[in-house]
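Structure record follows, encoded as structure tokens.
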Amino acid sequence: MTTNLSLSPASGSAPKPPGRSPRSRWHLGVNAIVAFWLTLFAAVGSAHHFLPHAFWLLVHVLLLGAVTNAIVIWSGHFAASVLRLPEANRGAPAALRLVCLNAGAVGVIGGMLFARWYVVLAGACLVAAAVTAHAVWLVRLMRRALPGRFSMTVRYYVAASALLPVGAALGVVMARGDLAGDLSERLRVAHETINLLGWVGLTVAGTLITLWPTMLRTRVADGAERAGRTALPVLLAGLGSAVAGTLLGPPPLAAPGMVAYAAGLVVAGRPWLREARAKSPRSFAAWSVAAGCGWLAGSLAVLAGILVSTTSWITVGERISLLTAPLAAGWIAQVLLGALSFLVPVVLGGGPTAVRAATASLERAWPARLAVTNAALLLCVLPVPSTVRVACSVLLLVMLLFFLVLLVQTVVRGMRDRRRAAQGDSVPAAVPAEDPARPHRVLGGVALGLAVVMLAVAGGAAADVRSLPILERSAAANADGATVTPTGRTTTVTVTIRGMRFSPSSVDVPAGNRLVITLHNSGTDTHDLVLETGARTDRLSPGQTGTLDAGVVGRDLDGWCSMVGHRQMGMTFTVEVTGTTSNSRTNSGGPAHDHSSQGTSTATKDTAAEAFDPMAEPAAGFTARNAQLPPATGGSGHQVHKRTFTVKEVTREVAPGVRQKLWTFDGTAPGPVLRGRVGDTFEITLVNDGSIGHSVDFHAGSLAPKRPMRTIKPGESLTYRFTATRSGIWMYHCSTMPMSLHIANGMFGAVIIDPPELRTVDREYVLVQSESYLGRQGGTADAAKVNAKDYDMVAFNGYANQYDHDPLTARTGERVRIWVLAAGPNESSAFHVVGGQFDTVFREGAYDLGGGGAGSPSGGAQVLDLAPASGGFVELSFPQTGDYPFVTHIMSDAERGAHGVFRVR
């Protein structure tokens with residue numbers, strides 16, 4: 001028995017005269033919506049560098065826009081077909097559902113882009129309402145129908161439709177924000193699991209029960225319906241278990257649910273493999289769907305491995321972001337394009353000849369297209385240079401645009417031919433084409449596609465040769481440039497890393513000898529060794545050993561550790577050649593390829609220092625960091641404050657037009673402000689989701705530093721517990737070497753411990769002063785500048801002059817307290833309010849003025865002077881309305897960005 005996926009339940013009726021049937025007009029109209037969202041996806045992909053939330057936008061335009069519309073449209077059609085009922089998924093009710101769905105999708109996307117949570121909520125409600133109405137219609141359809149062989153497909157659609165509102169609700173909660181700890185990551189993983197594996201995954205699985213053998217033009221395998229019936233509860237149980245584990249427990253608790261879901265797919269998919277063995281795929285549609293399923297299988301395996309191998313949901317959230325492209329582009333997009341290329345010609349109709357012609361048009365050059373798509377996508381998810389990834393992304397975009405062009409051409413040609421036939425005009429006969437599925441054409445197309453990808457890779461690498469892993473130069477030339485004569489002997493040395501030094505820091509090698517260095521890392525951080533020729537070891541974790549083969553050596557060579565800042569800390573190495581008349585280095589201009597990723601002190605066109613303008617205005621709608629300080633919670637002390645600090649690498653604007661890649665605690669620089677009272681206990685869990693080792697040192701606690709302040713590697717976590725025994729505003733920071741660079745790049749914050757009997761004030765603010773050593777635009781701080789104390793910018797709370805553009809507020813007569821911390825890493829602060837006088841000064845745990853401290857009751861202060869890492873507070877009242885600037889009275893620093901305004905009403 002062969003499959004008969006009836007695209008019109010009335011297909012057995014008498015042939016109709018040429019012309020566009022209502023069914024065809026309906027399908028062409030609603031599928032134009034899918035084409036529109038795909039076109040918008042291509043447009044967003046082309047302009048994503050200039051759009052906010054670009055990655056989020058790409059995913060939701062594809063999945064919420066194109067895919068969700070396609071599911072609602074085609075699941076209704078397939079349901080009517082397999083139930084053998086007159087198709088009812090047309091007309092006003094169906095149109096209303098689609099209008100509601102698309103209005104909701106626009107609301108969700110627009111609300112996120114413009115940060116309007118209530119718009120996101122309204123849009124999500126519309127989407128959920130449309131899909132729920134669709135599920136109700138499917139249930140009613142099932143009740144009207146007689147028992148059918150493939151009615152199980154409709155049950156998959158109903159289950160999928162029931163899950164989408166749940167996923168939408170989780171998305172709304174995330175959009176609202178203000179989520180503590182790792183809850184946002186848990187919700188995001190659950191949201192993606194329900195929407196991708198539930199809404200999309202169940203729909204695809206149910207459809208393939210009948211669509212897959214139809215694409216192959218073979219009979220449905222025996223037991224296919226039984227397999228689908230058995231798989232559905234397994235899939236639902238696996239999803240439920242995975243989501244429950246995500247929301248309630250550590251990552252390994254969700255892994256069995258993912259494994260169960262994958263097992264359900266295996267049960268459902270075994271008949272599909274038998275059908276493919278009976279008749280192998282010979283079309284773009286079938287191969288595109290098969291490739292998509294392959295990406296799904298690989299992604300599920302990687303996802304299960306991520307869940308099993310980590311205990312931090314924040315780490316899971318970072319790692320599974322790497323699966324977005326394989327799932328969205330590799331699986332979902334390929335299944336969607338394959339299904340459309342099969343279904344659109346049938347919808348166009350016109351008889352077998354017309355359907356074959358339309359199919360041939362849509363499948364033009366399909367072997368090459370499939371090869372380009374999947375090879376380029378594979379390179380995008382591998383650790384390749386960024387320019388190669390960009391080139392492959394462009395290829396993926398071109399493949400999508402090519403499909404859309406073919407789709408438009410096919411539809412327009414089909415409509416034109418039907419119109420001519422209806423008017424009695426002759427229709428041009430389709431030119432017979434060579435079978436594109438012949439082996440030599442398939443292999444030739446695949447080879448062509450792979451060649452295109454290889455050219456893109458070569459072009460991307462050539463565009464940025466410095467991003468390649470190694471750029472080697474010869475070490476066998478002597479000082480005069482002539483090649484040294486190899487001796488045939490090998491000099492083998494062992495170098496040990498101790499702290500931030502190589503031991504020994506230099507080696508002697510006879511000219512012409514081959515040099516092999518065994519490097520052992522006995523330190524507490526990750527290190528490597530790079531020679532100026534490009535020869536290098538791998539990055540070695542503490543306790544690991546690596547080997548560097550420098551080849552035949554004919555001249556002196558410089559070496560260093562390439563970890564950011566380590567070279568400036570003195571981790572340098574020298575190879576000195578003996579037995580030559582001149583050992584001077586030939587690289588008078590310095591190393592040919594510096595792998596250390598630090599900047600230089602000299603500003604160039606791509607440095608952030610050159611872009612920094614203290615007089616520049618931020619973009620319209622700029623909002624400064626909230627400097628208001630909430631009061632300490634609880635009673636008189638002995639409270640327990642539990643927080644999770646996650647190390648995140650974020651690229652942020654630090655001044656108008658100036659962007660830096662910061663290392664942060666919880667995504668902000670300075671990090672979150674903690675507040676408590678004497679006797680309170682703080683339990684801080686540090687999770688390292690960065691790319692290098694980090695640590696934390698809380699000055700507010702007094703304890704032996706070796707264990708709690710140790711450096712942890714990426715993916716690791718530690719818990720730091722201390723009791724506050726003394727009052728003041730205390731600094732915390734990363735203490736991983738080079739400490740100055742880690743602080744300069746954003747890893748600092750404040751802990752405020754209230755003095756006993758601290759009086760109530762009307763307003764309370766906290767200002768953390770720091771200086772910036774700007775590197776390249778979008779890069780990290782310049783380690784050489786940090787080492788030389790050559791800073792470019794000074795700021796309160798991490799952004800230059802931000803309170804000039806969004807002032808702090810007060811009212812006349814109100815008492816205002818301002819906590820100030822000089823975070824450095826190197827420069828002092830002299831905090832002053834222009835036009836104001838301090839009647840209370842508290843510095844480093846004691847009152848200098850007021851509050852029971854020394855000094856005349858009529859005395860006042862004009863400045864709170866603080867050395868690096870020290871802090872205190874001042875209090876004052878503003879006598880008149882107006883603007884009162886505040887600065888550090890180290891005036892050159894105030895002119896570099898340490899400036900703000902109190903606006904008094």
Side-chain donor/acceptor of T494 to backbone N/O of T518, under 3.5 Å: no
Flag side-chain contact, heavy atom, 4.5 Å: T491 against P510: yes
Side chain R896, main chain Y791, donor-acceptor under 3.5 Å: yes
Whether Q777 side chain and R659 backbone form a donor-acceptor pair below 3.5 Å: yes
Derivation and outcome, side-chain contact (heavy atoms from CB on, under 4.5 Å), residues L821 and F748: CA-CA 10 Å; L821 174 69; F748 59 89; 6.0 Å; no
Sub-4.5 Å side-chain heavy-atom contact between I684 and V696: no
Value rounded to 0.5 Å, distance of CG in D558 from OG1 in T572: 8.0 Å
Distance in Å, M731 CE paired with D697 CG, rounded so as to fall on 0.5 Å steps: 8.5 Å
Taking every non-hydrogen atom, the tightest pair across V316 and T310: CG2-CG2, 3.1 Å
Modelled atom types, side-chain donor and acceptor of T644 and T685, under 3.5 Å: no
Main-chain N/O of T487 paired with N513 side-chain donor or acceptor, under 3.5 Å: no
Flag for D525-T711: side-chain donor and acceptor within less than 3.5 Å: no
L322 vs V381 side-chain heavy atoms within contact, under 4.5 Å: no
P672 vs R643 side-chain heavy atoms within contact, under 4.5 Å: yes
Under 3.5 Å side-chain donor-acceptor pair for T646 and D689: no
Main-chain N/O of R498 paired to R501 side chain as donor or acceptor, under 3.5 Å: no
Check against side-chain hydrogen bond (donor to acceptor under 3.5 Å, both in side chains), S735 and S695: CA-CA 6 Å; S735 58; S695 58; 2.9 Å; yes
Under 3.5 Å: donor-acceptor pair, side chain of N521, backbone of G543: no
Spacing of OG belonging to S828 relative to CG belonging to L866, to within rounding of 0.5 Å: 8.5 Å
Heavy-atom pair with the smallest gap, counting every atom of N797 and P670: C-CD, 3.5 Å
W560 side chain reached by E532 side chain, heavy atoms, under 4.5 Å: yes
P504 versus V495, closest heavy-atom pair with distance: O-CG1, 3.7 Å
Criterion side-chain contact (heavy atoms from CB on, under 4.5 Å) on H733 and M747, from CA distance to verdict: CA-CA 5 Å; H733 59 88; M747 303 199 74; 5.8 Å; no
Any donor-acceptor N or O pair under 3.5 Å, side chains S691, E649: yes
Rounded distance [0.5 Å steps], CG in D538 versus CG in L529: 12.0 Å
Parallel, tilted or perpendicular, as decided by the 30° and 60° cut-offs, for the rings of F502 and F573: perpendicular
Closest approach of R555 to V553 (non-hydrogen atoms, all atoms of both residues): O-CG1, 3.4 Å
Between H520 and T545: side-chain donor-acceptor atoms closer than 3.5 Å: yes
Mutual orientation of the aromatic rings belonging to F665 and F645 [parallel < 30°, tilted 30-60°, perpendicular > 60°]: tilted
Atom of V308, atom of A255 and distance for their closest heavy-atom approach: CG2-CB, 3.6 Å
Member of T578, V575, T490 meeting the side-chain contact (heavy atoms from CB on, under 4.5 Å) criterion with V509: V575
Separation between CZ of F722 and NE2 of H699, rounded to the nearest 0.5 Å: 11.0 Å
Considering all heavy atoms, the nearest Q660-G775 contact: OE1-N, 3.0 Å
Side-chain donor or acceptor of N688 paired with backbone N/O of I692 under 3.5 Å: yes
Ring center gap for Y720 and F698 short of 6.0 angstrom: yes
D528 side chain to T537 backbone, donor-acceptor under 3.5 Å: no
Side-chain (R514) to main-chain (D549) donor-acceptor, under 3.5 angstrom: no
Any side-chain heavy-atom pair of L774 and V654 under 4.5 Å: yes
Atom pair CZ/OG1 of R625 and T668 - distance to nearest 0.5 Å: 4.5 Å
Mutual orientation of the aromatic rings belonging to H742 and W663 [parallel < 30°, tilted 30-60°, perpendicular > 60°]: tilted
Worked verdict on M571 versus I497 for side-chain contact (heavy atoms from CB on, under 4.5 Å): CA-CA 9 Å; M571 290 199 70; I497 296 173; 4.0 Å; yes
Residue pair L674, H641: steps toward the side-chain contact (heavy atoms from CB on, under 4.5 Å) verdict: CA-CA 9 Å; L674 303 179; H641 305 268; over 6 Å; no
Any W313 side-chain heavy atom under 4.5 Å of L307 side chain: yes
Side chain E771, main chain E827, donor-acceptor under 3.5 Å: yes
Close side-chain approach of P708 to L703, heavy-atom, < 4.5 Å: yes
